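Report on the structure given below.
Only heavy atoms go into these numbers, but all of them, side chains included; no hydrogens, no water, no symmetry mates. Keep in mind the model is a prediction, meaning the values are calculated, not measured.
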Amino acid sequence: MIFLVVFAAAVAGPVAVVLIDTLGNASPMLPPSDLSWPPAVLAATTFLGIGLFIFRLWPAHAGKWPLFLTAYAMRLAVGFTLSWIFQYDDERHFHEMAAGIASALDAGVLTAARGGYAQLIGVLYWVFGDSFLVAKAYNAFIGALLPFLLYDLALSAFPDRPRIAFRSLYFAIFLPPLLFYSGMNLKEMSTALAIVLSFWCLQVPSWPQSMRIAGALGGCFLIYYIRTGWFIFTLLGVIAYLLIGEKWDPSRLRTLHKSWSRLALAAMIVIGLLPLLHNANKYALWLVTRQYSSEMFKRTASRTTVGQFIDPREVLSPRNAVVLTLRASLTPSPLRVFFDSGITVVMEGLVMLTWYALFAFALIGLYTSWPDGKAISWAVAAMTMFIAAALASALGGDPYRHRISMLPLFYIFSAAGLEYKHRYWIVQGFWLLIIFFFTLLYIKLRS
């Protein structure tokens, strides 16, 4: 039944995107010459072959390749369709940067373009051709591969409840958020894959501990390469797991200082990553102090509804952190589709409906799985990412889009919470009540 509901939602999402009256795009579009099909077909076929080869060598998922094909086909369809009807400004920016990198490589010149994601897409353009659709094929591929890593991760924490792993798999394949963003030329899916891969390397394989830690840190380096400071959130989760172990035991807090090996290992990791931490700190300071961020914070404080509740004198005050985090839990409202036009509003509404449907179950899953060290490490990473995304709204960022990368971990907790949907019905009821009153407030303000 859950699978049928998820599948229906997945079908409804792309259909709604194509059929609702928002097929027009107010933003400039790339010329048709930048959407060449031959390079895209070559790239899509190559990625398909790589995917099937991976599944042939992946015993845990050897029989699940039809699901991979389904996930890949859906993402290609969404990505290629969106290419002709809607393009984010950032998508076009990444495409232009990548095309410049590919041209430089053709001339035998290595460029130092800012941002690892643009460099990665640039290499793909150099190999296959600089078609915007090549980037869509790449994101479709990694978006189709990620759910199976997520399945392994969930199964490692809940080996006696395989339904949680299957729900996580189906959520990641079929629900609108990751489906839509797997069809866009943005760094969200690459970041999400690197986050899941970090925890997968640390917690799933039966490798020696040194290899598992090296794999997790390699994933953190990949996040840093793609998205600079975002690696810190995953690193916190990795360190939490190394300190806590497989199970949380409060009595160990009193003797943690005696666990010299764990503390020394965590300290060595932090010391070894000091250059990355320093660069991430410089980037964060730049974000906070730049003129654009200051202007956007003043605008938020003076022109938005939430502005009356925040401290206009200090961006990162505890009060602002609480208010903006609560706000990010509920906004943007799915009902925005009735007040604003645009294909982004439709996609945004479907993503938020998914968030509304699963949020209470994620809280239940977080609570019921708390003793597990793996779940705690995911919670540390997911919650810090969510708070950072929430605070970004005061600096001109988009909390709705920034939290996409933490959704795979959110899906695991949601899948776990569904196991206890009858026992903790009061949590679901309270969440529905919050949604109800927030929606009434939203309608009143917009009307």
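- Side-chain contact between L242 and L202 is present, with heavy atoms from C-beta onward closer than 4.5 Å.
- Within the 4.5 Å cutoff, side-chain heavy atoms of L146 are placed close to those of P408.
- Considering OG of S190 and CG of N139, their distance stands at 5.5 Å, rounded to 0.5 Å.
- With hydrogens and angles disregarded, a donor-acceptor distance shorter than 3.5 Å links the side chain of R92 to the backbone of Q87.
- In summary, the aromatic rings of F148 and F55 are positioned with their centroids under 6.0 Å apart.
- Contact between V134 and G129 at its shortest, heavy atoms only, is CG2-O, 3.5 Å.
- Atom CG of L76 and atom CG of L69 lie 10.5 Å apart (nearest 0.5 Å).
- Closest heavy-atom contact between I223 and W230: CG2-C, 3.6 Å.
- Residues that satisfy the side chain to side chain contact (heavy atoms under 4.5 Å, CB included) test with R163, not counting sequence neighbours, are R167, E419.
- Distance alone, capped at 3.5 Å, is enough to place a donor-acceptor pair between the S333 side chain and the L335 backbone.
- Side chain of S36 to backbone of S33: no donor-acceptor contact under 3.5 angstrom is found.
- Within the 3.5 Å criterion, the main-chain N or O of G183 finds no donor-acceptor partner in the side chain of R75.
- Relative ring orientation between F359 and W431 is described as tilted, the plane-to-plane angle lying within the 30° to 60° band.
- Between H61 and F68, the distance separating the two ring centers is not shorter than 6.0 angstrom.
- Side-chain contact between W355 and L407 is present, with at least one heavy-atom pair separated by less than 4.5 Å.
- Nearest heavy atom pair, residue T45 against residue V41, reads OG1-O, 2.7 Å.
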- May I have the step-by-step check of side-chain contact (heavy atoms from CB on, under 4.5 Å) for M347 and L350, ending in yes or no? CA-CA 5 Å; M347 293 189 293; L350 291 168; 5.8 Å; no
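- Annotation: side chain of Q119 is in contact with side chain of Y225 (closest heavy-atom distance under 4.5 Å).
- Taking CZ from F410 and CE from M383, the interatomic distance works out to 12.5 Å, rounded to the nearest 0.5 Å.
- Between F141 and F47, the angle of the ring planes stays under 30°, which puts this pair in the parallel group of the 30/60° scheme.
- Here the closest heavy-atom approach between residue L409 and residue L153 is recorded as CD2-CD2, 4.4 Å.
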*asked:* E91 vs K136, test: salt bridge (Lys or Arg N to Asp or Glu O under 4.0 Å). Steps then yes/no.
replied: CA-CA 10 Å; E91 288 190 90; K136 297 299 187 88; 3.6 Å; yes
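- Proximity of the aromatic rings of F339 and Y442 is defined here by a centroid distance below 6.0 angstrom, and this criterion is met.
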Check the pair I376 / Y241 against side-chain contact (heavy atoms from CB on, under 4.5 Å), numbers first and verdict last. CA-CA 7 Å; I376 293 174; Y241 180 73; over 6 Å; no
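- Here the closest non-hydrogen pair linking F233 and A388 is CZ-CB, 3.4 Å.
- Looking only at side-chain heavy atoms (C-beta outward), Y224 and I232 stay at 4.5 Å or farther from each other.
- Remark: R401 is positioned above the aromatic ring of Y88, its terminal NZ or CZ atom under 6.0 angstrom from the ring centre and at most 45 degrees off the axis.
- Between the CH2 atom of W126 and the CD1 atom of I121 there is a distance of 15.5 Å, given to the nearest 0.5 Å.
- Side-chain contact, S131 with Y125: no donor N or O sits under 3.5 Å from an acceptor N or O.
- Between F221 and F231, the ring center distance fails the sub-6.0 Å criterion.
- In this structure, the side chains of Y117 and R227 stay at 4.5 Å or more apart for every pair of heavy atoms.
- Put simply, CG on L217 and CG on L222 are 12.5 Å apart, with the number rounded to the nearest 0.5 Å.
- Here the CZ atom belonging to F53 is positioned 13.5 Å from the CH2 atom belonging to W58, to the nearest 0.5 angstrom.
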Exercise for review: Begin with the C-alpha distance, continue with both residues' side-chain angles, and end with the deciding distance and a verdict on side-chain contact (heavy atoms from CB on, under 4.5 Å) for I164 and L155.
Suggested key: CA-CA 7 Å; I164 295 176; L155 193 62; over 6 Å; no
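- The backbone N or O of L52 lies less than 3.5 Å from no partner atom in the side chain of R56, so there is not a single donor-acceptor pair.
- Between Y411 and W378, the distance from one ring center to the other does not fall under 6.0 angstrom.
- In this structure, L193 and L149 have side chains that are in contact, with non-hydrogen atoms separated by less than 4.5 Å.
- Looking at every heavy atom in both residues, S156 comes nearest to K374 through O-NZ, 3.1 Å.
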Margin query: Between F86 and M29, is the side-chain contact (heavy atoms from CB on, under 4.5 Å) condition met? List the steps.
Written below: CA-CA 7 Å; F86 170 77; M29 298 282 283; 5.7 Å; no
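- Looking at heavy atoms from C-beta onward, V204 lies out of side-chain contact with F199 at the 4.5 angstrom threshold.
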